Structures are given as C-alpha cells and as structure tokens.
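First up is the structure itself, then whatever we jot down about it.
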Amino acid sequence: MPVTNEEIAELFESMATLLEMKGDTVFKIRAYQRAARTISHLSFSLEQAIRDDVDLKNIPGIGKAISEKTQEYLETGRVRAYEELIGELPDGVLTLMTIPGIGSKTAMLITQELGISTVEGIEKAIHEGTLAALPRMGQRTADNILRHIQSMRTKDGRTPIGQALAVAEATVSALRAECPYVEQLYPAGSLRRWEETIGDIDLVGVAPEDLQSGVGDVLVELPSVQEVLVHGPRKTSVVLEEGIQVDLRLGDADAFGAMLQYFSGSQQHNIRLREYANRRGFSLNEYGITNLASGDVARLPDEGSFYEYLGLPYIAPELRIGLNELDAAQAGALPNLVTEADLKGDLHLHSEWSDGRDPIERMIEAAVEQGYQYMALTDHSSGRGIANGLSNERLVEQMGILRDLQSQYPITILCGSEVDIRADGTLDYPDELLAELDVVVASVHSAMGQDSDTMTQRIIRAMEHPSVTIIGHASTRLLSRRQPVQFDIEALLRAARETGTAMEVNSAPERMDLKDTHAHRARELGVPLAINTDSHHFTSLGQRRFGVAIARRAWCESRHILNTLPLDQFLAYIRTPKPHRLEIFESRTDSAATVTTSTSFSNPPAAP
DNA sequence: GCCGTTTTCGGCCCGACTGTTTTCAGTCG
C-alpha cells in the first residue's frame with residue numbers, strides 16, 4: 001500500500017500532541033504542527049519525492065530531524081521517536097485529547113490521577129463525581145466536558161463546504177434581519193478560504209461599538225441555536241441544530257481589515273505573517289498593526305490596505321495556507337487567479353433525458369444566463385441503467401435535436417456525453433458514435449473498489465481513446481459519504497498530459513473533485529483543467545463557484561483552465577486531434593494568456 | 001525543531017473566554 005501524505009501528517013500531528021503532553025517546549029511542538037500541516041497541503045506525494053531523490057529539507061518547515069523521520073517512516077513503516085513517546089506516556093492520552101475542552105494538561109491529569117484512558121471512562125468519572133474532585137476542576141468544568149462528549153457523538157468531524165455555506169448564509173440573514181445596524185457580515189475562516197470541509201463557521205462583521213455585543217445576544221437567541229459555548233462581550237460561540245459551531249466577532253469599521261484578515265486565517269498563514277511583521281518591527285492582532293518602536297497602532301479598514309501596510313500585495317484567502325504564499329507575495333510572484341467571470345462555457349450538463357431534472361431547453365437557457373459562449377450537453381451513456389443512460393439510438397436522436405435547437409439560442413450548443421469508463425477501461429459507446437460527439441466526458445461510475453493499479457490503468461486506457469476530451473470527477477468521492485477510489489494520481493496526471501486529455505474540476509460541492517492538491521499538481525504538469533458543474537438541475541450552474549475555488553486554491557490562472565478559452569479557440573482545440581490540441585491550449589491568444597496585475601486591493605470580497 | 005534583507009545561535013504570534021481562582025491556568029482558534 002502506498003503511504004499517503006495525510007498519513008505522515010497525522011503522525012507528526014500526533015507527535016506534536018505527545019510532546020505537548022510531555023511538557024516539551026512549545027516551539028518544538030509548533031515545529032511538528034507546522035510540518036504536519038505543510039505536508040497535508042503538498043501537491044506531490046512525499047513517497048514519490050523520496051523515490052525521485054528530492055531533498056525534503058527544501059520544503060518550508062521541514063528540516064533535518066523531520067526529514068529523517070519521514071524517510072524512516074517510508075522505509076520501515078514506523079518512527080522510533082514516536083514509539084518512545086507513546087511508551088513514556090499513559091495509555092489513552094491521545095484519545096482524551098480528541099474531546100473538545102480537554103487539552104494536554106487536563107488529559108495528563110485525568111490519565112495520571114484517575115487512570116482513565118477512554119471516553120467512556122471519563123463519562124463514568126463525571127457521573128461518579130471523581131472528575132470534578134480533581135485539582136482545578138469542578139462541577140461546571142465536568143458538566144462542560146460531558147456536553148462536549150455528547151455533541152461529539154451526534155456529529156462526526158467536519159462539514160462539507162456546500163452544507164456549511166448554506167448554514168452560514170442562513171445565519172447571516174437571520175442576524176441581519178434582527179440587527180439592521182450591522183454594516184458588513186462575512187463568513188471568514190476556512191469557509192472564506194474555500195476549504196472542502198469546514199470545522200466551524202466564523203462570522204465577522206462591523207457594528208457601532210456600543211452595539212457590538214448586542215449582535216452576540218441576538219445570536220444566542222436564534223431558534224436554530226442548540227447550545228451556547230461562549231458568550232462574552234467580544235466573542236460568541238454557539239452550536240446549531242445541524243451540529244455546526246458558529247463563532248461570531250464584531251469590530252469597528254475603520255479597523256475591519258485587521259479583523260477580517262485575522263479571522264480568515266489560516267492559523268499557519270497568520271503565524272507566518274506575524275513572524276514576517278515582527279521582523280519588520282510590527283505586531284499584528286485583530287485590531288490593527290502596532291509599530292513596536294513607537295507603539296502607534298494603524299487601524300486599517302480593509303484587507304488590501306492591511307497587506308499593503310506590511311509592504312505586500314493582496315493575498316487571496318484561497319492562497320492563505322501558510323506554505324509558500326508569503327514568499328511568492330514578497331517576490332511579486334502571486335498568480336492572477338482565475339475568476340468565475342473568466343469561464344466561457346460549461347462542459348458537463350445533464351437533462352431529463354438521463355438523470356437530470358430539466359428539459360434540454362431549460363439547461364441551454366441556464367447556460368445563456370451565465371453569459372457563456374458555449375455549453376456541452378453530456379447525458380449519461382447506456383451502461384448507466386440506473387441513471388436512465390442514453391442508448392445508441394437515443395444519443396443519435398438527441399444530437400439531431402440539439403442541432404435543430406441551435407438556431408434558436410445565442411450560444412454554441414455542443415453535443416456531448418458523460419460516457420462510462422467500464423471496469424476494463426473501455427467506453428460505453430462504439431468508437432464511431434463517440435467520434436461524432438464534440439465533447440466526451442469519461443467517468444468512472446462502477447467497480448469503484450478496484451485496487452490502485454487496476455483503477456489507474458483503467459482510467460489511463462480511457463485517456464488513450466482519441467475521442468475522450470475530459471476525465472470527469474476522477475476520484476468519484478462524495479464528501480463525508482463516499483471515499484475516493486484508489487489511484488496513482490501522479491501516473492494519471494502524467495498520462496493526461498501525454499495523451500492530451502483534460503481533467504475535470506467538478507464543482508458539485510459534494511464532490512469537489514479533483515481536490516485542490518491534485519488540481520495543483522495537474523497545473524504544474526501542464527494538464528488542462530475543465531471547471532464544470534455536472535448540473536442535474538438548471539439552478540446548479542451557479543455552483544461553478546465551488547469549482548473555481550478549487551482552481552484558485554490550486555494557484556490556477558485563467559490560462560490553466562480549458563473552458564476559459566474563447567469559442568473559436570475552444571472549437572479549434574476539440575477539432576485538433578490529441579495530443580496536438582495541447583499546442584492550441586498553450587498558445588492561446590486571448591487576453592487570458594497575458595498576466596494582468598490584480599487590482600482587487602481595496603474592496604472586501606463578496607461572501608464568503 | 002526550524003530558520004536567517006540585523007542572526008548558524010537565539011529567537012520563535014496573539015488574544016478572548018471560562019472556571020476556578022484571589023491573580024491566573026487552560027483551552028481554543
């Protein structure tokens with residue numbers, strides 16, 4: 001089994017926790033945490049990098065010690081230092097740390113004084129009163145821990161962004177209705193950075209100083225609130241019925257830039273930014289930028305002026321990982337990120353002919369409403385019996401209808417199909433039929449349990465087909481519902497490049513597929529990315545914002561995206577045989593090919 | 001443990017809130 005970056009990141013995250021237990025220096029703990037978070041955001045696999053003789057010490061935050069431990073883990077499957085730490089500490093400390101409200105000190109106290117190593121053991125100790133009797137504990141603390149344990153059981157982990165965004169927007173509307181004096185109210189945090197899953201919803205807003213705490217008072221009274229975690233003058237945290245935590249902060253209009261920046265994170269980005277600021281004689285917090293020499297505080301109304309004050313260009317929230325975006329910003333090398341407005345077409349749409357819910361005409365109208373120059377209708381192929389896939393005859397009939405409809409609409413209608421990649425890598429229509437289509441999206445919908453080698457070869461075989469334009473939602477994952485299929489992403493992307501096949505960034509918020517790190521690698525390898533919505537309903541075309549967010553997190557500019565090509569060049573692309581069509585993609589002559597300087601300095605972004 | 005446009009040694013981000021405390025430790029983000 002290949003070793004994933006996530007696995008290595010978890011190891012170092014655990015090491016940080018164990019060092020914290022041991023009472024080791026916070027800087028060492030932070031070094032492991034930083035390394036773990038960096039590793040989880042890398043676009044390439046560490047295992048592959050070691051095979052390619054890459055020096056891991058070139059990765060920011062990874063030095064000699066962590067590089068050696070990574071190699072040790074890849075070679076032997078274990079890390080001695082980790083095992084020694086585990087051996088030194090009481091059983092169960094890592095388990096107890098997963099309970100909110102229990103940190104390293106409390107976990108150590110509980111395991112040492114009470115010999116408890118399980119969540120169930122803690123519950124028992126709370127009911128028996130032994131937990132509350134510990135030093136610096138008490139009945140209220142014990143009750144809070146019990147509540148946290150109960151809410152852990154009703155909700156597991158993070159919320160997919162689509163769901164979290166809907167909850168955030170509903171909460172913002174409810175607060176606005178009750179507090180008309182709130183001027184700006186935005187989701188910050190991981191939602192604003194468009195991470196695929198959201199830990200909790202951070203809301204940041206502007207209100208007159210004497211009314212700021214009142215917004216928190218309104219929040220705790222909302223009917224959707226299940227539990228109040230924190231309710232102070234500046235900060236309020238609640239848990240909603242959905243099990244999602246909402247943190248609310250209000251600030252002054254003239255210092256809103258600092259507040260929005262502070263609560264947009266990521267934590268690693270902010271740590272790096274504050275280190276950068278310290279080296280230049282400034283200290284940062286949510287209220288402004290303090291000049292350490294004079295003590296003067298600059299209050300900055302928006303993020304653009306905040307970064308500018310530090311001598312940096314605006315760094316888009318999607319880039320604030322804490323990896324290398326600060327270096328790029330200082331070097332003037334930040335990408336001019338792709339935007340929704342750059343998209344010229346949608347290449348993956350379904351109608352009621354297969355498993356969509358709307359007539360073809362409604363889907364065409366929706367594409368026109370997006371301002372597109374072209375669209376491809378891509379209903380399912382015949383193998384998708386469950387999705388009412390089109391037989392050969394129905395596909396021919398549909399093509400005829402689409403050509404007849406063309407004259408009625410101010411958009412180029414392309415004949416397409418989302419054709420099944422069968423278990424052996426063959427496609428679900430005969431070659432002659434596929435050759436008649438303008439756009440073929442080839443996707444896996446079955447036999448998802450194949451081993452990595454089989455699945456990789458299966459998809460590569462589909463890429464080698466001359467008619468396949470795009471590989472659709474390659475991993476087939478459904479966030480928090482279905483795990484991705486196993487494949488070698490590096491091999492897939494290299495094959496995509498060699499065959500001249502584009503990879504889809506599927507915008508459906510439950511898919512977000514490719515994911516950001518894979519899209520990042522695709523861009524690095526020169527693989528065209530197609531941002532599609534896979535809409536099964538006319539209202540879903542707006543979900544492109546999720547796909548655009550993935551592309552932005554992957555540092556994509558307009559020129560990296562296939563469906564930002566203007567119509568004439570897109571037609572030339574699909575009419576040129578693979579793999580030579582890549583030459584058209586790379587020599588594009590539209591304005592997207594020339595990098596313009598970002599002007600998005602002053603305006604606060606639209607939510608999130 | 002990592003790192004350098006003052007440094008290869010001596011630094012390392014910052015504040016809110018809670019609960020248990022008579023002044024603050026622990027946790028979180």
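Just so we're clear, the structure is a prediction, and the values are computed from it rather than from any experiment. Labels below follow one simple rule: chain letters A, B, ... track the order of the sequence lines, proteins then strands, and each chain is numbered from 1.
Note on A:Ile102: only backbone sugar-phosphate atoms sit closer than 4.0 angstrom, heavy atoms only; bases stay farther off. Using a 4.0 Å heavy-atom cutoff across all strands shown, A:Asn270 reaches no nucleic acid atom at all. Using a 4.0 Å heavy-atom criterion, one finds that A:Arg272 contacts no nucleic acid atom at all. In this structure, A:Ser104 reaches the sugar-phosphate backbone alone: every heavy-atom distance under 4.0 Å involves primed, P, OP1 or OP2 atoms, never a base. At a threshold of 4.0 angstrom between heavy atoms, the contacts of A:Thr106 are confined to the sugar-phosphate backbone, with no base atom among them. Counting non-hydrogen atoms under 4.0 angstrom, A:Ile29 reaches nothing in the nucleic acid. Residue A:Glu275 is classed as a sugar-phosphate contact, given heavy-atom separations below 4.0 Å to backbone atoms only. Among the heavy atoms of the strands lying under 4.0 Å from A:Ile271 is at least one base atom, whether or not backbone atoms are also near.
Checked against the 6.0 Å centroid threshold, A:Tyr309 and A:Phe282 count as a close aromatic pair.
Side chains of A:Thr95 and A:Val119 form a contact here, defined as non-hydrogen atoms less than 4.5 Å apart. With a 4.5 Å cut-off on side-chain heavy atoms, A:Leu42 and A:Thr517 do not count as touching.
Remark: the separation of the P atoms in B:dT6 and B:dC12 is 16 Å, to the nearest Å. Between B:dC28 and B:dT23, the distance separating the two P atoms is 25 Å to the nearest Å. Atom name C1', nucleotides B:dT20 and B:dA25: the rounded distance is 9 Å, in whole Å. A gap of 14 Å separates the C1' atoms of B:dG1 and B:dT8, to the nearest Å. Nucleotides B:dG26 and B:dT21 have their C1' atoms positioned 13 Å apart, rounded to a whole Å.
As a whole-Å value, the separation of A:Asn58 CG from B:dG4 P is 12 Å. For the pair A:Arg37 CZ and B:dG1 P, the interatomic distance rounds to 18 Å; values are reported in whole Å. Distance CG (A:Leu248) to P (B:dG29): 16 Å, rounded to an integer number of Å. Computed from coordinates, the A:Lys64 NZ to B:dC3 P distance equals 14 Å when rounded to whole Å. Whole-Å rounding puts the A:Asp327 CG to B:dG4 C1' distance at 12 Å. A:Met97 has its CE atom 11 Å from the C1' atom of B:dC28, to the nearest Å. Here B:dC28 presents its P atom at 12 Å from CD of A:Gln267, a figure rounded to the nearest Å. The nearest whole Å value for the distance from the CG atom in A:Asn285 to the C1' atom in B:dG29 is 15 Å.
Checking the phosphate oxygens (OP1, OP2) of B:dC14, a side-chain nitrogen or oxygen of A:Ser283 falls inside 4.0 Å. The phosphate of B:dA16 has OP1 or OP2 within less than 4.0 Å of a side-chain N or O from A:Tyr287.
Between A:Glu286 and A:Gly103, the residue anchored closer to the 5' end of DNA chain B is A:Glu286, taking for each the nucleotide with the nearest heavy atom. When each of A:Ile99 and A:Tyr32 is assigned the nucleotide of DNA chain B bearing its nearest heavy atom, the one mapping closer to the 5' terminus is A:Tyr32.
The partner of B:dT8, taking Watson-Crick or G-U wobble pairs whose two distances both stay under 3.5 Å, does not exist in any strand shown.
When all heavy atoms of A:Tyr307 and A:Pro313 are compared, the pair lying nearest together is CB-O, 3.7 Å.
The distance from the CE atom of A:Met97 to the OG atom of A:Ser14 is 10.0 Å, given to the nearest 0.5 Å. Distance check: A:Met108 CE to A:Ile102 CD1 gives 13.5 Å after rounding to the nearest 0.5 Å.
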Could you list, one pair per line, each protein nitrogen or oxygen that sits under 3.5 Å from a nitrogen or oxygen of nucleotides 17-19 of chain B, together with the distance?
| unit_1 | atom_1 | unit_2 | atom_2 | d |
| --- | --- | --- | --- | --- |
| B:dC17 | OP1 | A:Pro233 | N | 3.3 |
| B:dC17 | OP1 | A:Arg234 | N | 2.6 |
| B:dC17 | OP1 | A:Lys235 | N | 2.7 |
| B:dT18 | OP1 | A:His231 | N | 2.9 |
| B:dG19 | OP1 | A:Asn144 | ND2 | 3.0 |
| B:dG19 | O3' | A:Thr141 | OG1 | 2.8 |
| B:dG19 | N2 | A:Arg136 | NH2 | 3.0 |

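Salt-bridge formation is detected for the pair A:Arg37/A:Glu13: a Lys NZ or Arg NE/NH1/NH2 atom is positioned less than 4.0 Å from an Asp or Glu carboxylate oxygen. Using a 4.0 Å cut-off between charged nitrogen and carboxylate oxygen, A:Arg249 and A:Glu286 count as a salt-bridge pair. Ionic pairing of A:Lys64 and A:Glu68 is present here: one or more N-O contacts between side-chain nitrogen and carboxylate oxygen are shorter than 4.0 angstrom.
Among the nucleotides B:dA16, B:dG1, B:dC14, the one closest to the side chain of A:Tyr262 is B:dC14. Side-chain atoms of A:Asp202 lie closest to B:dG29 of the nucleotides B:dC14, B:dG1, B:dG29. Of the candidate nucleotides B:dA16, B:dG1, B:dG29, B:dA16 has the atom lying nearest to any side-chain atom of A:Arg249.
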